[in-house]
Amino acid sequence: MSDPFEALRRTRQAAPPRPAFVAELADRLRVELGIREGDEATVTMRTAMGDMPVQGGVPNALLDVIEDQGYAVLENALSATDVGAVRDALAPYLGEGPFGRNDFEGFRTKRVYSLPAKSRAFDRLIEDERVLDVAGGLLGPNFLLTAALAINLGPDETAQDLHYDEAFYYGLPRPRRPLSLSTLWAIDDFTAENGGTLIAPGSTHWGDGRPDPSVELVPLEMPAGSVAIYPGTLWHAGGANTTDRFRLGISIQYVVAWARQQESYLLAVPPEMAKDVSPRLRQLLGYSIHPPFMGHVDGRHPEKMLG
């Protein structure tokens, strides 16, 4: 009798898929599922070696930059129209919404959670092809959306404690491969003065234990329409807002197929709502199967529950 765990061992020992392979599969899926192409405008990737234009999909170099310095920034990733649509969609929630409940959320910061349940204006960000290519390269196939929230950092907000995203839910020893990928979309300009996220470059390679308090932190400064991409193992912290205006950003995070999601999207986006979103977004929300059968409903593919 064959060893039933042999396939699992081969999967765990295999090298992660390279971005070119993932991109080819993504292209084929987009054609088969009829998913629209993203904005084809030229974007700029900012790296320590200078700026790099990015046309269409993400080059292998982007994963190399993230591996080296822990993050990468794509400027002009959103059009002015996209940025405006996000602002309009958030306006009803931010106008009367409460401030944070603790130091981490920020007592002078407003947060809006479960964005896929709020408006289709956020789908453009969640399904950005360049980001999904990076997520596939880092996390492997069938990865899921784990969090999608707006963070409106208010005047006089203090800086967060230094942390990495996976510390809150996947307490596995470091250093290791990331289990999640985070993105931070600038809806307003991010500056050092208005709380641009403080990043510890290269910290994805650090081991366990708290960083030295004297570690050098770099403020994430980028114009509106940009996106910062970084693994869930990068040490960072929201900065202090010393200006008299709010600074709006969108945090969208993805996770490996087998891990539990932060936000429970099958409750937040129930079947009657999920049937009206794109097939790709439904897969990311969890209306999908991770082979051979993780995610089934009564022995059937969850898509069957959508009528």
Asker: Whether the side chain of Gln69 engages the backbone of Tyr71 through a donor-acceptor N/O pair (distance < 3.5 Å, no angle test) should be reported.
Answerer: yes

Asker: Please check if the side chain of Gln261 supplies one atom and the backbone of Leu285 the other of a donor-acceptor pair under 3.5 Å.
Answerer: yes

Asker: Using atom types as modelled and distance alone, determine if a side-chain donor or acceptor of Lys118 lies under 3.5 Å from a backbone N or O of Tyr113.
Answerer: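 Confirmed, Lys118 side chain pairs with Tyr113 backbone.
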
Asker: Is any side-chain N of the basic residue among Asp123 and Arg120 closer than 4.0 Å to the acidic one's carboxylate O?
Answerer: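 So Asp123 pairs with Arg120 through a salt bridge.
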
Asker: For Phe168, what residues pass the ring-ring contact (aromatic ring centres under 6.0 Å, His included) criterion, not counting sequence neighbours?
Answerer: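 By the ring-ring contact (aromatic ring centres under 6.0 Å, His included) rule, Phe168 matches Phe104, His163.
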
Asker: Is the NZ or CZ atom of Arg247 positioned over Phe190's six-membered ring, under 6.0 angstrom from the centre and within 45° of the axis?
Answerer: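 Yes, Arg247 sits over the ring of Phe190.
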
Asker: Under a plain distance cut-off of 3.5 Å, with no hydrogens placed, do Thr191 and Asp189 share a side-chain donor-acceptor pair?
Answerer: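 There is no such pair between these side chains.
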
Asker: Using a strict cut-off of less than 4.0 Å between a Lys/Arg side-chain nitrogen and an Asp/Glu carboxylate oxygen, indicate whether Asp298 and Arg300 qualify as a salt bridge.
Answerer: no

Asker: Is Phe293 isolated, or which residues cluster with it under the ILVMFWY side-chain rule of less than 4.5 Å, directly or via members?
Answerer: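 Result for Phe293 is none, singleton.
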
Asker: Which residues end up grouped with Leu162 if you chain together Ile, Leu, Val, Met, Phe, Trp and Tyr wherever their side-chain heavy atoms are less than 4.5 Å apart?
Answerer: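 Members alongside Leu162: Tyr164, Leu198, Trp206, Val215, Leu217, Trp235.
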
Asker: Under the 3.5 angstrom rule, does the side chain of Lys110 hit a backbone N or O of Pro98 as a donor-acceptor pair?
Answerer: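 Flag not set: sc Lys110 to bb Pro98 has no pair under 3.5 Å.
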
Asker: With Tyr287, which residues qualify under ring-ring contact (aromatic ring centres under 6.0 Å, His included), at least two apart?
Answerer: none

Asker: Do any pairs count as a salt bridge (Lys or Arg N to Asp or Glu O under 4.0 Å) and have a residue in residues 144-168, sequence neighbours left out, and if so which ones?
Answerer: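 Sorted result for residues 144-168: Glu166-Arg176.
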
Asker: Quick one: side chains of residues 139-153, donor-acceptor pairs under 3.5 Å with protein atoms, not counting sequence neighbours, listed by atom name and distance.
Answerer:
residue: Asn142; atom: ND2; partner: His290; partner atom: ND1; Å: 3.1
residue: Thr146; atom: OG1; partner: Gln262; partner atom: N; Å: 2.7

Asker: Give a yes or no on whether the backbone of Arg245 and the side-chain of Asn241 come within a donor-acceptor separation of less than 3.5 Å.
Answerer: yes

